[in-house]
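See structure below.
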There are 2 protein chains.
Amino acid sequence: MKNLLRSKKLRVTDFRLAVLTIFEQHKNAISTEQIENELGEFDRITLYRTIKTFIEKGIIHEITMPGNIKKLALCHDNCNAKEHQHQHIHFRCNSCAEIFCLDIDDYPEINLKGYQIDAVEIQAKGICKNCA
Amino acid sequence: MKNLLRSKKLRVTDFRLAVLTIFEQHKNAISTEQIENELGEFDRITLYRTIKTFIEKGIIHEITMPGNIKKLALCHDNCNAKEHQHQHIHFRCNSCAEIFCLDIDDYPEINLKGYQIDAVEIQAKGICKNCA
DNA sequence: AAAATAATTGCAACAGTATTGCAAAAAGAT
DNA sequence: ATCTTTTTGCAATACTGTTGCAATTATTTT
């Protein structure tokens with residue numbers, strides 16, 4: 001974890017390590033609220049800033065879906081400030097409401113005449129393995 | 001427009017017609033802020049409620065993307081409260097920041113072993129026709 | 001066409017989410 | 001150990017959205 005921060009030219013602080021630890025303890029994407037609950041005592045503003053920094057540096061990525069759903073998950077690929085590139089899809093279970101980052105073998109190509117496509121994000125909804 | 005509201009069992013009111021008119025005047029997806037600006041005098045709470053109702057009834061759909069991007073667009077398919085089904089992708093231009101609902105011929109199939117997929121939403125980012 | 005009914009609106013108050021500026025504290029470099 | 005720069009924590013503020021309730025308006029019934 002310390003190396004991850006250093007590789008992104010971020011200082012290693014207790015706060016950042018605490019937040020990273022929470023991310024690593026969760027397989028699935030988590031909400032800001034969940035982080036708040038698990039942090040114990042903390043400063044909200046610092047948390048928002050930490051999240052923003054992590055997103056900019058490509059440590060975590062944001063997943064948003066209609067209905068004010070907003071979650072965060074660790075990047076597994078090597079992302080950066082400019083572009084997050086994930087070869088996985090975001091799956092939301094309609095039963096347990098968990099959001100999973102799932103790898104797929106053949107990531108579909110999208111072609112649109114006249115449009116230059118730099119990044120594609122795929123979201124799916126349904127029933128997950130555990131709830132099925 | 002009146003028939004659209006009636007078909008969804010909603011009362012025809014000036015406010016709703018005004019909001020619908022704004023949607024029809026825009027080819028691309030628009031933000032709540034844009035609607036507010038174009039409405040002239042209005043009540044914000046009523047607008048939020050109108051938007052919520054329209055989404056629930058399948059008149060408009062929400063498009064969300066990382067970075068607190070949230071836009072709204074008319075549904076062209078016949079959507080309903082339970083599920084919005086669009087055979088188009090959402091394209092965001094990195095240059096003009098517009099969000100387009102674009103039809104594609106071959107909407108990709110997504111398969112995930114063990115997961116039941118009910119809906120798929122595809123988002124793309126790049127450079128649009130006009131900006132290219 | 002008027003009265004009854006039911007949905008919608010507008011206001012007040014409030015809640016949640018997020019940002020900015022700034023001084024103090026902490027991390028990393030010399 | 002000291003210096004420099006980043007990060008934190010606090011105060012204040014802004015934005016986005018919601019709830020309850022009374023007044024108004026649209027539709028239905030008579």
Side-chain angles (χ1 to χ4, degrees), chain A residues 1-23 29-72 81 97 99, chain B residues 1-23 29-72 81 97 99:
Chain A
M1 281 195 317
K2 291 185 180 178
N3 288 335
L4 174 60
L5 290 173
R6 290 201 186 100
S7 75
K8 302 290 185 180
K9 285 177 186 146
L10 292 174
R11 293 197 172 174
V12 177
T13 66
D14 290 349
F15 197 99
R16 284 173 178 164
L17 290 173
V19 174
L20 275 184
T21 301
I22 292 172
F23 275 107
I30 54 178
S31 63
T32 307
E33 201 189 349
Q34 272 177 284
I35 301 173
E36 290 184 13
N37 291 338
E38 296 184 23
L39 268 180
E41 71 172 39
F42 73 102
D43 178 64
R44 248 165 118 72
I45 293 124
T46 304
L47 176 57
Y48 284 124
R49 272 194 283 228
T50 301
I51 290 170
K52 206 173 183 184
T53 304
F54 283 4
I55 292 171
E56 279 167 4
K57 295 291 180 176
I59 295 173
I60 61 174
H61 62 280
E62 224 181 321
I63 304 156
T64 60
M65 294 190 184
N68 291 329
I69 296 167
K70 189 168 185 176
K71 302 238 179 180
L72 303 162
I99 292 184
Chain B
M1 283 197 313
K2 292 185 180 180
N3 287 336
L4 174 59
L5 290 172
R6 290 203 184 96
S7 75
K8 303 290 183 178
K9 284 176 185 146
L10 293 174
R11 293 197 172 174
V12 176
T13 66
D14 291 347
F15 198 99
R16 285 174 176 161
L17 290 174
V19 174
L20 274 184
T21 302
I22 292 172
F23 274 107
I30 54 178
S31 63
T32 307
E33 201 190 348
Q34 271 177 283
I35 301 173
E36 291 185 12
N37 291 338
E38 296 184 23
L39 267 180
E41 70 171 42
F42 72 103
D43 178 63
R44 263 188 49 239
I45 294 127
T46 305
L47 176 57
Y48 283 120
R49 273 194 283 228
T50 302
I51 289 171
K52 207 174 182 182
T53 305
F54 282 5
I55 292 172
E56 280 166 5
K57 295 292 181 177
I59 295 173
I60 61 174
H61 63 282
E62 225 180 319
I63 304 156
T64 60
M65 294 190 184
N68 291 328
I69 296 166
K70 190 168 184 177
K71 301 239 180 178
L72 304 162
I99 292 183

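Please read these numbers as outputs of a predicted model, since none were measured by experiment.
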Review point. Could you give the distance from CD1 (A:Ile45) to OG1 (A:Thr50), rounded to the nearest 0.5 Å?
Key: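 The distance works out to 11.5 Å.
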
Point to revise | Straight-line distance of A:Ile51 CD1 to A:Thr32 OG1, nearest 0.5 Å | key: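 Those atoms lie 4.0 Å apart.
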
Check your understanding: Between the two end axes of the helix from C:dA1-D:dT30 to C:dT30-D:dA1, each built from 5 base pairs, what angle do you get to the nearest 10°?
Key ->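 If I round to tens, the end axes sit 40° apart.
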
Check your understanding: Hey, does B:Ile69 have a side-chain heavy atom less than 4.5 Å from the side chain of B:Ile99?
Key -> yes

Check your understanding: Taking any atom under 4.0 angstrom from a heavy atom of chain B, which nucleotides of DNA chain D are the first and last to qualify, 5' to 3'?
Key ->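 Result: D:dT16 to D:dT27.
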
Check your understanding: Can you give one letter per nucleotide of nucleotides 25-30 of chain C, going 5' to 3': B for a protein heavy atom under 4.0 Å from the base, S for sugar-phosphate only, - for none?
Key -> -BBS--

Distance-only donor-acceptor hits, side chain of residues 55-65 of chain B, under 3.5 Å, sequence neighbours excluded:
residue, atom, partner, partner atom, Å
B:His61, ND1, B:Ala73, O, 3.2
B:His61, ND1, B:His86, NE2, 3.4
B:His61, NE2, B:His90, NE2, 3.2
B:Glu62, OE1, A:Gly67, N, 3.2
B:Glu62, OE2, B:Lys70, NZ, 3.3
B:Thr64, OG1, A:Thr64, O, 3.4
B:Thr64, OG1, A:Thr64, OG1, 3.4
B:Thr64, OG1, A:Met65, N, 3.4

Review point. What salt bridge (Lys or Arg N to Asp or Glu O under 4.0 Å) pairs are there with at least one residue in residues 2-19 of chain B, not counting sequence neighbours?
Key: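 Sorted result for residues 2-19 of chain B: empty, none.
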
Exercise for review: Would you mind listing every salt bridge (Lys or Arg N to Asp or Glu O under 4.0 Å) that reaches into residues 35-50 of chain A, with sequence neighbours excluded?
Suggested key: A:Glu36-A:Arg44

Give the minimum heavy-atom separation between [X] and [Y], together with the two atoms involved.
{"X": "A:Phe15", "Y": "A:Leu39", "result": "CZ-CD1, 4.1 Å"}
{"X": "A:Val12", "Y": "A:Leu5", "result": "CA-CD1, 4.0 Å"}
{"X": "A:Ile35", "Y": "A:Ile22", "result": "O-CD1, 4.0 Å"}

**Study point:** Selection residues 35-55 of chain A - residue pairs positive for ring pair (Phe, Tyr, Trp, His ring centres under 6.0 Å), sequence neighbours left out
**Key:**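 Passing the test, one end in residues 35-55 of chain A: no pairs.
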
Review point. If each of A:Glu36 and B:Phe15 is mapped to the nucleotide of DNA chain C with the nearest heavy atom, which maps nearer the 5' terminus, i.e. the 5' end?
Key: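 It is B:Phe15, whose closest nucleotide lies nearer the 5' terminus.
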
Exercise for review: Name every residue in residues 39-60 of chain A that has at least one heavy atom under 4.0 Å from any atom of DNA chain C, in order of residue number, or write none if there are no such residues.
Suggested key: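 Only A:Arg44, A:Ile45, A:Tyr48, A:Arg49, A:Lys52 qualify.
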
